Structure formats: C-alpha cells, structure tokens
Amino acid sequence: MADTSLTRAVRWDTVVGALLVVVLLLSFGFVDGFGNALNLSFLIGNTLPIALIALPMTLLVVSGEIDLSVASTAGLSGAVMGALWNQGMTIETIIPICLLLGVVCGLVNGLLVTRLGLPSLAVTIGTMAAYRGIAQIVLGSDAVTDFPSQYLDFAAGRIDGTFVPYAFLPFLVLLAVAVVALHAMPFGRSLFAIGASEEAARFAGIRVKRQKLILFTLTGLMSSLTGVFWALHYASARYDNATGLELSVVAAVLLGGIDFDGGKGTLGGAIAGVFLLGALQNVMSLQDVSAQSQIVVTGVLLVLSVLGPRVARQISLARAGRGAAPAPPSKAPAPTP
Amino acid sequence: ATACGGTTKEDVKDEGGKAAAAGKADPNAATKKGLTVGFLPKQVNNPYFTVADKGGEKALKELGSSYKEVGTSSGTDTAGQVSYVNTLTQQQVDAIAVSAQDPGALCTALKQAMKNDIKVVTYDSDTNPECRNAFISQASADDIGRTQVQQMAEQIGNKGEIAILSAAQTATNQNAWIEIMKDELKDPKYKDVKLVKVAYGDDDAQKSFQQTQGLLQEHPNLKGIISPTTVGIKAAAQYLSGSKYKGKVKLTGLGTPNDMRKYVKNGTVEAFELWDPAKLGELAARTAVALSSGQITGKEGETFKAGAMGEYTIGKNGVIDLGKPTVFTADNVDQFDF
Amino acid sequence: MTHPSDTGSAPVLALRDVSKSFGAVRALRDVSLELFPGEVHALAGENGAGKSTLIKTLAGVHRPDAGHVLLDGAPVVFHGPGDARDAGIAVIYQEPTLFPDLSIAENIFMGRQPRRALGRIDHKATHDATAALMLRLGVELDPDRPARGLSIADQQIVEIAKALSFDARVLIMDEPTAALTGSEVARLFGVVRTLRDQGAAVLFISHRLEEIFHICARVTTLRDGAWIASEPLEGMTEDDLVRRMVGRDLDELYPKQEVTPGERALSVRRLTREGVFTDVSFEVRRGEIVALAGLVGAGRTEVARAVFGVDRWDAGEVEVDGKPLVNGAPSTAMAAGLALVPEDRRAQGLVMDMSIERNIGLTGLRTTVKAGLVDRGAERSRSLDWAVKLQVKYARIADTVATLSGGNQQKVVLAKWLATGPKVLIVDEPTRGIDVGTKAEVHRLLSQLAADGVAVLMISSDLPEVLGMADRVLVMHEGRLTAEISRTDATEETVMAAATGRAAA
Amino acid sequence: MTVTAPEKAPAADVPKAGATRLVDRIFKMRELAILLVFLVMIGITQAGNSEFLSEQGIKDLLLNATILVLVATGQSLVVITRNVDLSVGSTLGISAFAAGTYLQGGGNPVVAVLLAVLTGVGFGLLNGALVSLGQVPALVVTLGTLYIIRGIDSIWVGSRQITAADLPGGFVDFGSGGISAVPWLAMIALAVLVATAYYLKHFGSGRELYALGSNPEAARLAGIPVRKRILAAYTFCGALAGLAGALYLARFGNVDSGTGNGYELTVVSAVVVGGVVFTGGSGSVYGAALGALLLTSINSVLPALGVSSVWVLAINGILLILAIAVDRIVALRVANALKKRNARHG
Ligand SMILES: Nc1ncnc2c1ncn2[C@@H]1O[C@H](COP(=O)(O)OP(=O)(O)OP(=O)(O)O)[C@@H](O)[C@H]1O
Ligand SMILES: Nc1ncnc2c1ncn2[C@@H]1O[C@H](COP(=O)(O)OP(=O)(O)OP(=O)(O)O)[C@@H](O)[C@H]1O
Ligand SMILES: [Mg+2]
Ligand SMILES: [Mg+2]
C-alpha cells in the first residue's frame, strides 16, 4: 500500500499502549479508591487469567488460526484438579497432571486442524463443548474449595507491602518468553509468514503443520495453567469455571490490534489491550457504571479500535493533499490442492 | 504430610479452623442510619432479583440508609461477581447483601470484605457459612421440597411417573430441594409415584424447553413435572401449553404469578408456589442493618426485629428462614403482581 | 501497413500528460499515449517503468493525479473499473484476478451473464459461450471446473478469454504471454489480429521483444515513469528498442559460459505422482544448466514441486549429492542444499504483506541466528546485499513487496533463494515478467552460479531462453519425460516436436 | 515470435458432460455428507425410542431448528462474502423484545413481525455500513456491535420481561401450531431458505456475493459494486435475525434482556458444520440449514435417548467434531477419486 509510512506512524498497538497509560494516570488522579494497593492487586489478579491465555492466543492468531476451546480447557483442568483433590491425591502431583491434560487438549485441537485440515474455528467450537462436557462428567455439580492455603494464598495474595500479586511475577516471565519467541526467534518469524501466506511459507521451507501443532499444544498448556490458577485464585474448582473467557480474550486481543486474518500484530499490543479493558472495567465499576453500560463501552472501544486507525490514515492522506485511490493488494487466492 | 511429602486433602482438613463470628451482640443497640448496603444479586436484570432488591431498597429507605445495586449481567460469571465484591469492598460500603453464584468462589473476596469491617448477608443462594455473617433462606428447604411433592402427588392421584426439571447442576439450593423431594418420596403413601429423571435446563429458556421435550419423549407415561425454578417452570409450561400434553401432564414448581398467570388460566398448570421475593430482599436489608448496628452478630439464637415483618430468630449456621411459601392457583393468582 | 492516424482516424482512447504517484514513488510523469482503432500498440519499458500503472489508469483502477484520460477525444473520469468496462475497454491485468471458487464460465462472465426472464442467469448460455471461447483459443478447459488449482498459464488463458468475451472497442493486455508457450501465443495472436481487423484498438505489453515486433505496429516506451517515445515499429531493430527502454546498449542476452559438468548433484529416479506425472528420471550435475521444456500443463511444475517436497510423490526417489531426500519435506530439502524459485510469485514465492527485507530473510531464518534469536543486522545486510545484486528497484527495503512492480517482485523471489547459497537450484519460469535488461542479468547470474558449481534445473516456457541457456534440454509431454536433447542438437524444431509428442527425439 | 507450434486439432468436443455431472455431484455431496450424519443420528434415536419420530416429535424437531435455520441462512450470506456477523444473537434479542413490547400494548401481530424485521434491518445496515464503508475487519466490528446492541438491549429492557400472558393468544398459538407435523414457523423458514438459495444461484447479484468472497480484489476489478453488495448481505442477515426474533417470541412466548445471548456461536457452528467456508466464496445456504438442523437435533436426540444430562455437553461437542470430520473426509475422498479419474495422463 502507498501509505506504509503513515501506517507506521499510527500503529495501533502503540496507540493502545498510550491509551492504557492515559487511563491509568487519569484513574490515579481522579478515581477514588483506584490507586490503593488493594484495588490494584484486585485489578491485576482479575485480569491475569485473560492475560495468561492472551499470550498463546496472540501467537495463534498471528499464524492465522484461533482456539475457542481455551476456556473449556481451563475449566476441564480445574475440574480434574478438584476431582483428584477429592480423591486425596497430593496437590503437587495434581498440578502437573492438569498441565499434561492441557497439553493433550491442545494436541487434539492441533491434530484435528493440521492432520485433517479442518478449520480451527469449527474444530475448537466443537472441542469447546466437548472439553466443558468432560469437565462436567468429571466433577459433576461439585464445587471443590478446600485447597491448601499456601497455594490459595499464592494465587490470591500479594507481595507484602506492595500491590503486586505473587502470580504477577511468573506472568511477567512468561510474557517476556512469549515476546522473545514471537518477535525475536525464528519460530515467531515463521508464524508471521504462515499467517500472512501459508502457501508462501510452505514454499520457503517452513514446517507449517508442525509449527501450528506446537502452537495449539502450547495454547492447551497455558489454558490449563490458567485453569489451575483460576481454581486457586477463586478458591473454587467447578466444571463451569472460566465460562465465556474465550470471548474476553478474543476481544482484548482484537483491541490490541491483532489482525484475525493473520500475519499482523504485536504481543505488546495484545497485552496492552488486555489490561486496558481490565482497567476500564475496574474504573467503571468503582464509578458505579452499570454492567450493561460497561458492555456498551467495550463494544464502542472495539469498533473504534478498527475505525480509529483507518480514519486517522484517511485524514493524514487528505492532508497530504493526494487522494491516491487506494488499491489494497488483497491476498492472492491460495490455490489449495 | 504424606509419604511423598505432598499436600493432600487430609492435611488441609487438619489445618482448617472455622472463622468464628466475632464480637458480642447488643439487641438493644440503636439502629444506625446513613449506612450503605450494596446488593449483589446473582444476575442484574433478572426479574426475580429485581423484585427482591426493590424490596431491599424500600426497607433501607425506611431505615434511613442508602441502597445500591451492582452485579453481572450473566448468571454464571463468577469472576465478575468476585470483582464486584472487591469493588464494594473498595468503596467501603457498610454491608453487602449477596446472592452467590458459587458457594466457594466468593469466599476469599467476602472474607477480605469482612476483614474490612463490612457485614455480609447472603440471600437466596448461600456461600460457605464461614464467608458471611448470615444467610436469609427464602423458605426452609424442607418446606419447599416437601410441599412440591405433595402438590404433585395430589394432582396425579398419588400414582404415576414424575420428573424434575432443575436449573444448573451446580445450583446449591436446587440440589438441596431435590434431595428433600427424594426423601419425601420415600413415604409409603407415594409408593406408586416414581421419580424417573432429574433433568437440567440451566435456567435457559431454550434449553429447558428442549429438556422438557426430551423428558416427554423418553418417558411417554410421564404424569407430571416438578420444576423448582422460575425459568424452568415457565419454559415447561410454554411447551406443554403448545403441545398435545397440555393438561395431561401436570406441572408444578416454583414460579412467579406474573409468569404463570396465563398457564394457570388456560389449564396447563393447576398450582405452583413461591415466596415473595420482595420480602426476601427486605429481610436481607434489615438483617444487614441489624448486623451493622450491632444488634446481632450472626450467632444461633439471636433475635432481632425486622420492622413490619416481625421478629426473626437466627437458626443454626447463621440461617434465617423467611417463612412458608405461598401456593398460587387460579383462584388467588390475580391478587399478586410480581 | 499505413498508420491509422495518417488515414485521419481519431484515437479511441488516449492519455494526455498523466502523472501518478504512490507516496514518494512517481510511477508516471506527464505520460501521453494514443490508441487507434485497428492498430496494435506496444508499451515497452523496464520493470517498474510504470506500464502497469498506466494500464490501471486507463482501466479506471487508478485516478490520475494530473492529466486526463480521453475517450473518443473527450476527457472522462472513470470512477472504477466498472466505468471503463462500460465504455468498452477490456483489460487483462498482469496478475490473474480470478475467483478461485467459481467455475471458469462464471469467472469469464461475472457481472454480465446472459439473462433469462426476470433477470435470472442463463446458465446454459454462459456455459456454451465459454466453450466457444475456449475453442477459439484452442484450449481444453472445462467451463464448469472451478478456477482453483489452475496453473498460472491456464489462469492467463481464462483472463484472455474474459477480455475477448467483451467484444470490446479497446483491448488492453498486460503481459498476457508471460506464462504461455509458443502454441498458445500463436493462437492468441491469431485472435488479436482478427479483433484488430474488426477495428479494435489493442494495447500490448510484453518483455519478449520478438512478440512486440511480431504483432505491433507502434510502440510507446517508458523509462522511470517518463514518456520517452511513441513511434512506428517499422524500421526499428530490437537493439533500438532496448536502447530506448534501458538508455544504453545491452549486454548479451544469453551469456552462457562453457563449463564441464562435475559430479552428480541432483538425481531423480522413477518419480511418479499419480495422475500428474509418471516415471520421471533425470539427473543434474554440478555446473550444468538443464532445462525442462514442454507445453503448458505438461507437468514440469509438478515435478519441481515434488522434488522440492511441497507435494508428496507416490513412488520413486530423489537424491541430492547422493543422499536421499525425505518425501514431502521442503525443510530437509533446503537443508540438503536445494532451492526452488516457484512459478507463482504472488501465491508461492512471496508473502505479499511482508517487507522486502523479511521476504528475503525468510529463507535465512535458520542461518541468520545468534543465540537462538534472529540476528537482525545479519538479516538486513543479507537482504540488502541480494536486493542490490539483483538490482531490485524499491524505495525502502522495509516496504512491503506488494508495492513493487511485477518484475521486481520476481527479482525478490530470486534473491530470496539465491541468498541460501544452494547446491541445486530449481527455477520455474525465472524470467517471467522480467525486462530484457534484467533478464540478461538473471541469465548471467545463472550462468555464473553454474560456473561456480551449482546444479541448475530451469523450467521455462520461453524457448529462446531454453535454447540459449541450457546444456541439456529435457522435454516433458503429458506427464512423461519424452526426450533428452543435448545443447548441440537442441533447436526449436526438435524441442517442439518432443513437447507436442509427435516425435521421440 | 518465430516458432509456431504445429497446432493441435481443436478440441471441439471436450468430454464435458461426464466431468460436469461428477463435479455437480461432489457439490451436492458436501451437503449429502451432513444429511447422512443427520439421518443416521435420527435413525439410531428412533430405534432407541419409538416416540422420537411421533407426530409431536417431528414437530418439535422442526420447530427447534426453525429459528437457527433462519439466522444461519442470513449468516451464510455474510460468510460467503468473506465477512462475519457476530451480532446476530444480540439483534435477535432486541428485535424480539421490540416486537414483544409492541404486542404487549395490543398491537397487530403482522405489524409486530415487520417491526422486528425492521429492527434487524437497522442493525444489519449499521454493521454493513461499518464494515463496507470503513473497510475494516468484520470480526472486530461485529464483535463490537455484539456488545453494543446487547448493552443497549439490557439498558432498555432492564429487568422487564414479556411473557406469553402479555401476547395475543393467536400469536402464541401460531408459534406452536401447524398442519399436522409441520409447524407454521418451519414453513416460513423453508420458504425463506428456498428463496434465498434460488436467488444466490440464479441472480447476478447473488453470484457476485460468491465472487467478492472468493477474491475481493478481483471483484473490484470486475466492476462489482463491492460495498453495495456487502451492505446488502449484512442487511439481509440483520433482517433474518429480526424475523427470527419475532418467531422466537411466538415460539417461546418469553423474552427478556438475556434473549439470544451467546447465540452467535451456535449460528457460526451451524454455518461451519454446513460447509460454508469462512474464507468466503463457497458453500450454500442449504448446507447451513442442514447444519442448523443437525445441531438442534443433537440437542433433542440426547434427552430423547435418556442420556443423562451430565453427558450431553460432551457428546454434543464430539458429535460436532465428528460431523465436520466425516464431511471433510468424504470430500477429500471424492476429490481424490475425481483427480485420478480426470488425470490427463498416466
Ligand atoms: N500500489 C502501489 N503502491 C506503491 N507503489 C506502487 C504501487 N503500484 C506500483 N508502484 C510502483 O510504481 C512503479 C511502477 O510500477 P508498475 O507496476 O507500473 O511497473 P511496470 O512497468 O508494470 O513493471 P513490470 O514490467 O515489472 O510489470 C514501481 O516503482 C512500483 O514499485
Ligand atoms: N495447485 C494445483 N492444483 C491442482 N492442479 C494443478 C495445480 N497446479 C497445476 N495443476 C494442474 O496440473 C497439471 C500440470 O501442470 P503444471 O503446472 O505442472 O504444468 P507445467 O508443465 O509446469 O506448465 P506451466 O507452464 O503451466 O507451469 C495441469 O493440468 C495443471 O492445471
Ligand atoms: Mg507491470
Ligand atoms: Mg509450470
């Protein structure tokens, strides 16, 4: 496109990042009860599950796929955790088992997508129901709440004297790993290529199917980790834990400027999107904005997130005085065999 | 600790002690004014909870305190509910009246609130006892479970197959009632009544609809359905009234008069019951104020005066019963509007 | 032939002093052009000279920044391709623009299907008209088959059929022959002549100069977006034309160096992919350039794809330097020193939304690594290095390849693969859409690579190129290898005879 | 050009008839696979419970599918253009309530249905305008409008609800009535479905929807009014969501602010199961309708077989995956067979 320089000037992920900073600063200044340690720890703690899943989801979306079963995988690992706990197993064995289960869930998605060539949207809508259903079979209507307090405290507590939840630190490590993997490692580079043109990537010797399989598996792993965290954070393992989380993740990631056609976006943008939504919700609740109005705000924000850059570009183009009729080069139709 | 050094459920049991209700009650303490009580229903925009919370609002106005309502727009967004508890804690309200989506998930947040000197009353749906000061039970589980079986048995002449259409499989109160229904059915006079199935409609109109269809297809000889949930009974009634089963398959359970008026009049339903949700909300509000004023602490045996509603005594585990439910039939249904 | 303007006829379509810029790139600068009825007009220029941009301006895709489009002498403004079409202008774009999910017939008649009562589409009439068009072009394509999976050549044919179906007053063709072999080109020219004689104005672009001389009466030359000349072709030589385009004299077009072939680098034995090609065996030695010739659809591309591993083969084996390759694994083929420049640069060669730098870098993800991370400095210098070596014309190395002209995109694909330093290089139509100057450059490069010991397998539909560059010519016909012809024996006659299956040479 | 290849004999009579018919058959096959899965499922259920296909049973099956069929039909039009409309659930909810409020005040049922459709058209236009004029990703925009419409709906509706008692008896009876086993609502859905399918196949603008989904850039170059078509597809989708809202009201006699919540996922599943591809350009509304029928039937089959509801969700998901996998495998097999048969050589 003619306006590469302009697109770079108004990169949406930086805008989201800036917006997040602005919202935080304004809230510190003007919103009662926002700035204190307790509230900040609430904010971070409640946003963490979304942020955790947003990490692999961003990678997946960059490579042109999607996983809607993440919340169900989280629910399933929570349920299994509860069931095994009820059986009297030690928590130290249970958690690895749950993570392994997540790997299996992700692997199933990945195999269905890569081996059978099914669209990931359809597959994961299916597994979304299947995993949730299995969770229900495993745990039934029980709610397991009596996990050991040192684990609960870790998941819900914060570092003494600060607003930082304990769990935030491991998240930061994971974030750093994901950023490096996506933006600096050959693996991440190949994901962008796969997302932008799977066929061209294959012709460049990139092992498309393998990379995708790895990604789905990682997504499963992170989902189950989130499931374990969720059960401990809320001290409740139920089969319907984290229901609907996938939509929040998708919305946040989209807000962060990740293009669902694949091949575009940055992790920084996605995570900024996650915390922007989290912070806004927190502020709006403190300001007694009703849940319904919050939904509208989220929606408007999403629409603006795509219209905004576009309008900005149009304006700067108009100002440049040259109304070059844009000829967006669409992706070549991929002739699949 | 176990042999391999890990932590198991057994270890936790040992360490667990119950958080005791602190302080001492002074029944004669003055009722405080200018308090703020935050209502956190399972779901905002749910007509049942709206009526209940309106009852609470009215009572608080009378008592000179202020009311606010927050909540999630989905009935299963537990994380959302937790974050609302946090918000209320953050806003330093004096008391929270909450209907819990999950008995355990709210605990950490509610304890956090109690630590910050906020009184916690649960209504309609309880949490674990140690996470709140008192629970307002809409009616004793016993009453609800048994009367519904009695009504159904009477309608089908003490003979035939019946089924239950419940809400979510995890709904605490539903499960308690269902247990009591099963217990009641053990009575020899119901020897010809057979409970063939418990189905779950998840308080979703469409799902409840299809579950009703399924029940009737699976059990062609079904004589009656008990649906102890307002959404379920409404969906079942709508299905029955538009099908060949209308009037042949009996239906009873918990429903609101406004929802059910039409089906009572067109003969789909003979009778159903419910407590007055407004009263439930009112009692929750009054209990909250009484707690904040120090008139009660939530211990068994304490009593307090709940305005025009009369005097209530706190039962075991901090449970306060609202009273017996009302039975609605074609004769009296028009006298109610909620 | 007398020049139409001499006989007093007015231009049907013309450009007057048109300029067009894309950001900082000035693609057209004060260009004028006149198209007369009954005349075939050539447009010549190097890659990126602005030919396609000019065509898109005529077709209403681009709006000129300055200047006018004149239709029958009066200025017009086309608000979109639809307007131009309604004015009787048919366009074949450089890159095929088909609907992969729709049938060939629908592709051709989209938007102007024959109708029945109440505006319903007459499916049968559409089908029959398509079949008639295919007959006219002499190709066997089922009108009802979906466009997905058509080879580039067949796609081009469908594009041509689409343009012909208009009975347009003006026919504009942007490199329609780039993917075609001799027989199809001859057919096409036959049809174009008929149209011309019926009074249509034709604008024709090709980098094969002999084609220009063959069919065109006049030529307009562009250089760097600027108009250089419009003149009759009569009396001009190819060298004259090249000088106009390039601004200097050209090196030899086929600078083939003599080398003595070394040991066997690539050997393919009894390779079969069911229904596509059968029992294909050949070998390529170090230093050799072996051409794979054949008609469109003979299966050459398919063989290359299978050898490189993007398709699986059903039987047979492939060895590089004596080590067998894994079936269906391009990454191991790459590791073994194999490189494939694919025929469809837009779908297979490039990630269109990525920058030049990243596209070239894509094949080096494994090599430009430091401590497990992509070494950005090394990546950039590797990309810059090759972009410069191949004289890619670009504004910034970080621009997306979608903004490059067709020929320059092709150069990026070459750069991407040459940068891997392959032992065996397979190039599928390497000079498709590349201007003469660069073509000579690519040939020099291939020749140099061969001299340095690389084994080159070249698939080309450009017969002079095959004859000029190859040490040996392998000919395929209907999925089988039908002939192997040495450099000395290879002539247009022997190759074509084998390619059409008339003679086993 | 100096070489003129010896010209091949013009291939006058391409063997088109055979190949054509086979190609045709594959396209039908795609829907056939789903139909097969559906019939097998129904067969098994009937064997396990003879009540299942009683008159009432068939009626229920059809009624359950009706609303989803309508919305899926609209959705597939949008998906064919390589877009998506996630806001259909919200649109359905708000249209149903709009119609309900009007009827509650003693309105005319026909006007109420029109009102619902118009509401749907309004939101469809909004989506279409945002997507086509702004040229922005449909997924984001319609996820946005999903929230916006849902929010507006719940602010407007609050805790109000409309129950069967508030509605004219005739309207509610219409929702469950019909001619023997065939409900009125199903007839409406079928009529809409057939008309849409006919339009898509036999009208220029219908084919253009496929074209622009298949390759938007080529569509622009072919002079197709891309924006207008996308706008039209969204409007149609909105209109059907609105109509579905009105039918929902008639069928369930009950609407509140939560009506249609989460419906978009079901609709998308139906469309995907029905073989309408998300990258645009292919699929048929019949496929989508079959997908809808399959999906809703799964929900009826399990209770009818007496499967404990604990198992229902898991089985649902597995059946869904099975359906698309079977469909895919059948399609692959057929494509392979065709390739071998059509092979030019060997
Ligand atoms: N959409 C666009 N955005 C930015 N630059 C463009 C765009 N289209 C063309 N250009 C630039 O305009 C110049 C002319 O390109 P054009 O495609 O007209 O060349 P061409 O003469 O057709 O070359 P070729 O022979 O390689 O096809 C090139 O420098 C190209 O990079
Ligand atoms: N991706 C594909 N999917 C399905 N069929 C294909 C595909 N690519 C090519 N074909 C078909 O396979 C046959 C062999 O084509 P191939 O491209 O190998 O021929 P070729 O000799 O290389 O000719 P060309 O000059 O067109 O490249 C043709 O009938 C072509 O239409
Ligand atoms: Mg060009
Ligand atoms: Mg080829």
Side-chain angles (χ1 to χ4, degrees), chain B residues 41 43-51 53-54 73-75 165-166 169 196-221 231 234-235 237-246 255-266 268, chain D residues 45 48-57 59-61 63-64 67 150-151 153-155 157-161 163-167 169 172-177 183 248 250-263 266 296 299-310 312:
Chain B
Q43 182 181 22
V44 292
N45 276 355
N46 177 318
Y48 168 83
F49 282 108
T50 306
V51 174
D53 292 0
K54 283 266 165 347
S73 46
S74 145
L165 176 65
S166 174
Q169 241 185 331
V196 288
K197 171 136 184 190
V198 180
Y200 298 91
D202 287 344
D203 266 354
D204 174 282
Q206 232 173 323
K207 232 184 232 170
S208 307
F209 217 82
Q210 288 188 343
Q211 286 296 335
T212 313
Q213 287 171 10
L215 282 175
L216 292 164
Q217 278 175 357
E218 192 195 346
H219 305 284
N221 296 324
V231 180
K234 192 165 54 175
Q238 169 68 6
Y239 176 74
L240 289 178
S241 75
S243 77
K244 64 174 185 183
Y245 305 107
K246 177 171 161 183
T256 69
N258 284 352
D259 282 354
M260 302 300 293
R261 189 163 291 127
K262 176 177 171 194
Y263 307 112
V264 171
K265 293 197 170 159
N266 77 9
T268 311
Chain D
T45 315
N49 177 353
S50 56
E51 271 295 294
F52 186 63
L53 287 187
S54 65
E55 189 179 314
Q56 182 72 39
K59 191 171 154 189
D60 289 341
L61 219 54
L63 267 179
N64 291 344
I67 288 160
R150 168 74 47 215
D153 189 24
S154 29
I155 292 171
V157 174
S159 66
R160 285 183 294 157
Q161 56 173 345
T163 60
D166 306 324
L167 301 172
V172 179
D173 292 343
F174 178 77
S176 47
Y248 184 100
R251 165 90 170 117
F252 294 104
N254 187 287
V255 235
D256 55 32
S257 65
T259 301
N261 212 350
Y263 205 53
T266 317
T296 47
N299 283 329
S300 306
V301 159
L302 296 180
L305 281 177
V307 175
S308 154
S309 49
V310 182
V312 168

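No experiment lies behind these values; they were computed from the predicted model shown. Each chain gets a letter, A, B and so on, in the order its sequence line appears, and its residues count up from 1.
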Interface check, chain B: of D:Ser176, D:Gly169, D:Gly175, most non-hydrogen pairs under 4.5 Å belong to D:Ser176
Answer key: most heavy-atom pairs under 4.5 Å with chain B among D:Thr296, D:Asp256, D:Val172 is D:Val172
Checking heavy atoms, do the side chain of [X], its backbone, both or neither come under 4.5 Å from chain D?
X	value
B:Asn266	neither
B:Lys244	both
B:Lys265	neither
B:Tyr245	side chain
B:Tyr263	side chain

Report the distance from atom [atom1] of [X] to atom [atom2] of [Y], rounding to the nearest 0.5 Å.
X	Y	atom1	atom2	value
B:Leu216	D:Ser54	CG	OG	10.0 Å
B:Phe209	D:Asn254	CZ	CG	10.0 Å
B:Ser243	D:Leu63	OG	CG	11.0 Å

If you count heavy atoms of other groups shown closer than 6.0 angstrom to NZ of B:Lys197, is the number above 12?
yes
Honestly, the part of D:Phe174 sitting under 4.5 Å from a heavy atom of chain B is neither
- Does a side chain donor of either B:Gln206 or D:Asn64 reach within less than 3.5 Å of an acceptor in the other side chain? no
Compare all side-chain heavy atoms of D:Gln161 with those of B:Asp259 and state whether any distance is below 4.5 angstrom.
yes
Test item: B:Pro47 and D:Arg160 side chains (from C-beta on) under 4.5 Å apart, heavy atoms: no
message = Could you go through B:Gln217 and D:Asn49, starting from their C-alpha distance and side-chain angles, then the distance that decides it, and tell me whether this counts as side-chain contact (heavy atoms from CB on, under 4.5 Å)?
response = CA-CA 8 Å; B:Gln217 278 175 357; D:Asn49 177 353; 3.9 Å; yes
Q) Does any N or O in the side chain of B:Gln238 come within less than 3.5 Å of the main-chain N or O of D:Arg251, such that one atom is a donor and the other an acceptor? A) yes
Looking only at heavy atoms, the pair that brings B:Gln213 and D:Ser300 closest together is OE1-OG, 4.1 Å
Counting heavy-atom pairs under 4.5 angstrom with chain D, the leader among B:Lys207, B:His219, B:Lys234, B:Gln43 is B:Lys234
In B:Val44, B:Asn45, B:Asn46, the residue satisfying side chain to side chain contact (heavy atoms under 4.5 Å, CB included) with D:Ser257 is B:Asn45
